[in-house]
Amino acid sequence: MSGYTLVQPDCPVKLNQNECPFDVPEELKREIVDEALASNWGRYPGFVPLETKTAIGQRHGLGPEHILIGNGSNELIQSVFNTSVSQGDRVVLPAPTFTLYALVGRIAGAEIRTVHLNRDLSFDVDRLEEESAHQDVRLVVLCSPNNPTGSMIAPEDTARIAEATRGLVVVDEAYFEFGGVSCIDLLDRHPNLVITRTFSKALGAAGLRLGYLVADPAVAREIEKVKLPYNVNIISLIAARKLIAQEALIEERAALIRSERQRVFETLWDLPGILPYPSHANFVLFEAERPVSEIFHGLIERGVLIRDVSRYPMLERGMRVTIGLPEENDAFLDALQKVLAA
Ligand code: PMP
């Protein structure tokens, strides 16, 4: 099998991993560190990290019994696979999407059924519904906004898929803050939904490795049986509790990324030989008439690292650029124009 790999040359402008360009404010870091200093590192975290689960639940108007916390949302996605998928079970995935799902699915022995996006990179809801209705399907994973396309699936369409399948439906909302559409409100009527969120994107804490899932309490209990105990350390648990409360800061930063995304999209749109796709995430997918490797390496030579996604299905001409600080976006747009003119 091929692993999850990343080509990562050293470039001053790093727009390849959809990270947040803003660090956690220093004052907040100090608060977290001060609380960590006052705690006993010789003891395990609480058997259930109730305080942090409660703080996260509150943000969604839900009790802690709906929440599981992970060492990154990837860990929780893996736990959901391990909970629901055995050798030979079917897993339905759109394509292209985040490559980790197929990787984890193959490790679990799943038979992966892919449903290509429509030509405009929207979700093919009719085909997803049809595939998901098969009796051997244990899991459907929908990434919305989708990585690497930036497209979203409407909650009513997710509800149709959840209705059609006997399996669980994971909605990976890693990029929620940049699109503003969530499926969490559907949980009441569709208890087979599992929503995952991360601290790695809008919350600006990828280095801490924190994510969580929101599910029906009965489903959360089953996933908890599979998740390793004490998977998140005491320092991260403190950080999660403090970061989740920073709603105004998160929104202010996400709003800046959204407005920069619009500016980058419009500039790309006006460049001859470049076709950007509308995005609801903190990145923009674009296609080029020129070979991808020429543009990708031309940008690296000019100090800008983006992501070559040309090996993803349907995206033979695709590249993905993360939206960074205004000056980083300017550096990317400027370098791209130079590469195109060369
Ligand atoms: N889901 C999606 C769709 C992503 O793009 C990423 C980051 N590449 C993740 C999850 C990873 O999240 P975490 O850092 O919380 O493991």
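Residue numbers run from 1 in the order of the sequence given. Note that ligands are numbered from 1 as they come in the structure, with each ligand's atoms numbered from 1 the same way.
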Participant: Short list, please: which atoms of ligand 1 are under 4.0 Å from a heavy atom of S200?
Facilitator: 13 (P), 14 (O), 15 (O)
Participant: Using 4.0 Å as the upper bound for N to carboxylate O, is an ion pair formed by K225 and E222?
Facilitator: yes
Participant: With heavy-atom distances below 4.0 Å as the criterion, list the atoms of ligand 1 near T198.
Facilitator: 12 (O), 13 (P), 14 (O), 15 (O)
Participant: Hey, are E260 and R263 close enough for a salt bridge, meaning a charged N less than 4.0 Å from a carboxylate O?
Facilitator: yes
Participant: Could you list the atoms of ligand 1 found under 4.0 angstrom from a heavy atom of Y101?
Facilitator: 3 (C)
Participant: Scan L100, I195, T198, I77 and name whichever one has a side chain to side chain contact (heavy atoms under 4.5 Å, CB included) with D172.
Facilitator: I77
Participant: Can you list the ligand 1 atoms lying under 4.0 Å from a non-hydrogen atom of R209?
Facilitator: 13 (P), 14 (O), 16 (O)
Participant: For F199 and ligand 1, answer yes if some heavy atom of the residue is under 4.0 Å from a ligand atom, otherwise no.
Facilitator: no
Participant: Give the numbers and elements of all ligand 1 atoms closer than 4.0 Å to a heavy atom of N74.
Facilitator: 9 (C), 10 (C), 11 (C), 12 (O), 16 (O)
Participant: Tell me the protein heavy atom at minimum distance from atom 6 (C) of ligand 1, and give that distance in Å.
Facilitator: F98 CZ, 3.6 Å
Participant: Relative to the heavy atoms of K201, which atoms of ligand 1 are at a distance of less than 4.0 Å?
Facilitator: 6 (C), 7 (C), 8 (N)
Participant: Can R127 and E131 be counted as an ion pair, charged N to O under 4.0 angstrom?
Facilitator: yes
Participant: Hydrophobic clusters here meaning ILVMFWY residues chained together by side-chain heavy-atom distances under 4.5 Å, can you tell me if I56 and L213 are in one?
Facilitator: no
Participant: Could you check whether any heavy atom of A174 sits closer than 4.0 Å to an atom of ligand 1, since that is the contact criterion I want to use?
Facilitator: yes
Participant: Who gets closest to atom 10 (C) of ligand 1 by heavy atom: S73, P145, G70, C143?
Facilitator: S73
Participant: Nearest non-hydrogen contact with atom 1 (N) of ligand 1 belongs to which option: I77, T97, D172?
Facilitator: D172
Participant: Can N147 and R320 be counted as having a side-chain donor-acceptor contact under 3.5 angstrom?
Facilitator: yes
Participant: Determine whether S182 and E173 satisfy the following criterion, side-chain hydrogen bond (donor to acceptor under 3.5 Å, both in side chains), listing intermediate values before the conclusion.
Facilitator: CA-CA 7 Å; S182 176; E173 295 186 354; 2.8 Å; yes
Participant: Do R30 and D34 sit within salt-bridge range, that is, some charged N less than 4.0 Å from a carboxylate O?
Facilitator: no
